[in-house]
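Scroll down for the structure; my scribbles are underneath it.
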Amino acid sequence: MTFEQESEPYDVLVVGGSGVDTTVRVDALPVPPADSHGVPPIREDAGHTGTGVALGCAALGLTTGFVDFLGDDHPGSLIRERLAGSGVDFHPLISPHGTRRAVNLVSPDGRRMSFYDARDPLDLRMPPEHYLPLLRRTRHVHLSITHFARFLYDDIEALGLPVSTDLHDWDGLTEHHRDFALRSDLVFLSTVGAGERISSVMREILRDGRAEAVIATAGAGGAYLLTPEDRTPRLVPAAVPPAPVVDSNGAGDAFTCGFLYGRRRGRDLEECARLGAVAGAYACTAEGTHTALVGRAALRAVLTPSPPSPVPAAADAQVSTAGA
């Protein structure tokens, strides 16, 4: 048997975006100038966008694969440990450049400021013999915006697979993000980077690329959904968190997971966005990154029931007679 025949198909294959987050809780953002600040205990978690999407999708019952580069180092071991037993089928390659890192400053209201150490060189490439067997057994690909991931698009398109990506705080101008924006079927981003220009950036993605939908998350302000049929972005209200908000790290990744769960279940785009809002709100209720993962029960509670099957005429008559 071939590898593909022996293996269960993936609902979602996540490419790139693993790393370790060091979280420092501070009294305010921006941090006031000082030589030093006393802070609560500093956390170190397996984090970053790819890890979050993979963990979140698996927690929702989606069969999930994950492929990326890791360093042969302590941060890399934290990621392996976090993914072990999570249901994520992880296929890492060792990078001599080490595991990606980030330091996140988090204020009491849950807002954050992240300092990202990407460390991957621009010539880093994933060998096709490593990722092609995984692509051939997947139904949907989610590409993190790590540089090497852009070189998988040709193979993804050749296989006819739908692909999503998260541009994070793209301002609509930085060239690094453009391939991902224009070659993906579902495009997620935050309103932070483009600010008041977010509507025009969303329209440009639809006009110039292949996306069927662009989704811009706005934190407590909800999210915006734009499709080719819309004249202006549709507001999707934020969901009410089930507990106090303490840390927004990973909320955008959780939103993506909720949206992809809805899509895999055949829901329409607006309902998918509502599921994403619920998942994102849930992620904000625990300290650290990817420590609160929403389950299927919480999302099913907000799903619109499927319409009932038509009742045969004879059955209708029988019910009416009995009721009379």
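For the single chain, residues carry numbers from 1 onward in sequence order.
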Point to revise | Verdict with supporting geometry, S184 and Y153, side-chain hydrogen bond (donor to acceptor under 3.5 Å, both in side chains) | key: CA-CA 9 Å; S184 298; Y153 270 111; 2.6 Å; yes
Point to revise | Criterion side-chain hydrogen bond (donor to acceptor under 3.5 Å, both in side chains) on S190 and D169, from CA distance to verdict | key: CA-CA 5 Å; S190 163; D169 59 347; over 6 Å; no
Exercise for review: Apply side-chain hydrogen bond (donor to acceptor under 3.5 Å, both in side chains) to D21 and T23, showing your working.
Suggested key: CA-CA 6 Å; D21 285 345; T23 303; 5.6 Å; no
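Using a 4.0 Å cut-off between charged side-chain N and carboxylate O, E212 and R263 make a salt bridge. At a threshold of 4.0 Å, the pair R197-E204 does not count as salt-bridged, since none of the basic side-chain nitrogens sits closer than that to a carboxylate oxygen. Taking the charged nitrogens against the carboxylate oxygens, R183 and D154 do have a contact shorter than 4.0 Å, which makes a salt bridge. With respect to R137 and D89, a salt bridge is recorded, a charged nitrogen being found less than 4.0 Å from a carboxylate O.
Counting non-hydrogen atoms of other residues, nucleotides and ligands closer than 6.0 Å to CG of D268 gives a total above 12. Shown here is D27, whose CG atom has no more than 12 heavy atoms of other residues, nucleotides or ligands within 6.0 Å. When the shell of 6.0 Å around CD of E196 is examined, it contains 12 or fewer heavy atoms from other residues, nucleotides or ligands.
S18 places a side-chain heavy atom less than 4.5 Å from the side chain of L70. In this structure, W170 and I205 have side chains that are in contact, with non-hydrogen atoms separated by less than 4.5 Å. Side-chain contact between R234 and Y224: absent, with no pair of heavy atoms (C-beta onward) separated by less than 4.5 Å. Counting heavy atoms from C-beta outward, C284 and P241 have side chains that stay 4.5 Å or more apart.
Exactly one residue among D73, D120, D117 makes a salt bridge (charged side-chain N to carboxylate O under 4.0 Å, His left out) with R100. That residue is D120. Screening T165, T256, D253 for a side-chain hydrogen bond (donor to acceptor under 3.5 Å, both in side chains) involving T49 leaves a single residue, D253. The side chain to side chain contact (heavy atoms under 4.5 Å, CB included) with F148 is formed by just one residue from the set L93, D68, D123; it is D68.
Residues V187 and L206 are members of one and the same hydrophobic cluster, defined by side-chain heavy-atom contacts under 4.5 angstrom among Ile, Leu, Val, Met, Phe, Trp and Tyr. Under the 4.5 Å side-chain heavy-atom criterion for grouping Ile, Leu, Val, Met, Phe, Trp and Tyr, Y116 is not connected to V192 through any hydrophobic cluster.
Taken to the nearest 0.5 Å, the OG atom of S86 stands 5.0 Å off from the CG atom of L55. Within the model, atoms CD1 of I145 and NE2 of H176 stand 4.5 Å from one another, a figure rounded to the nearest 0.5 Å. For the atom pair CZ of R203 and CZ of R207, the computed distance is 9.5 Å after rounding to the nearest 0.5 Å. With rounding to the nearest 0.5 Å, the separation of OG in S164 from CZ in F188 is 5.5 Å. For the atom pair R101 CZ and H48 NE2, the distance stands at 8.0 Å (nearest 0.5 Å). Of the inter-residue distances, the one linking L159 atom CG with L135 atom CG reads 6.0 Å to the nearest 0.5 angstrom.
The backbone N or O of H140 lies less than 3.5 Å from a partner atom in the side chain of T138, making a donor-acceptor pair. Side chain of R264 to main chain of F259: no donor-acceptor pair is present (N/O by atom type, distance under 3.5 Å, no hydrogens or angles).
Using a 30° and 60° split on the angle between ring planes, H147 and F151 fall in the perpendicular class, above 60°.
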